[in-house]
Amino acid sequence: KVAVGSVVLNRVSSSRYPNTMEKVIYQRGQFTPAMTGKLARILASGRIPSACYDAAYDALQGAKPVGNCLYFNTGSGRIKLGDHYFS
């Protein structure tokens, strides 16, 4: 979760992507939970797991477990964490 947060923040800092977290997350075709409405449903329910808050805090405090990576997927990349690859 921290790695995904790091990717979002890396994109905000990149001139290739929008300059806000919301615009990065909701950019068309980028983050499946945002595209499918799952993120909106969880936010609306208020049942956000504490691990998500912890990960967001860590990412916002500068944790960068994937360095300056801008992408992640389940196929390939230069850093592997769990089932995801980051590049």
Residues, nucleotides or ligands: over 12 heavy atoms within 6.0 Å of Lys38 NZ: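 Check fails, neighbour count at 12 or below.
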Tyr71, OH: over 12 other non-hydrogen atoms inside 6.0 angstrom: yes
Spacing of OG belonging to Ser87 relative to CG belonging to Asn73, to within rounding of 0.5 Å: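 Nearest 0.5 Å value for the OG-CG distance: 6.5 Å.
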Asp58 side, atom CG; Lys1 side, atom NZ - distance, nearest 0.5 Å: 12.0 Å
Mutual orientation of the aromatic rings belonging to Phe72 and Phe31 [parallel < 30°, tilted 30-60°, perpendicular > 60°]: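 Phe72 and Phe31: tilted rings.
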Below 4.5 Å, heavy atoms only, C-beta onward: do [X] and [Y] meet side chain to side chain?
X     : Y     : value
Gln30 : Val7  : no
Ser14 : Leu70 : yes
Phe86 : Leu81 : yes

Within the distance-only criterion (no hydrogens, no angle test), does the side chain of [X] pair as donor or acceptor with the backbone N or O of [Y] below 3.5 angstrom?
X     : Y     : value
Lys23 : Ile25 : no
Thr36 : Thr32 : yes
Asn10 : Ser13 : no

Is it true that [X] and [Y] fall in one hydrophobic cluster, defined by side-chain heavy atoms closer than 4.5 Å?
X     : Y     : result
Tyr57 : Leu9  : no
Met21 : Leu43 : yes
Tyr26 : Ile42 : yes
Val2  : Ile48 : no
Met35 : Val24 : no

Ser6 to Lys64 - nearest heavy-atom pair and separation: OG-CA, 3.8 Å
No-hydrogen, no-angle side-chain donor-acceptor test under 3.5 Å, Gln27 and Arg11: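 No, no side-chain donor-acceptor contact under 3.5 Å.
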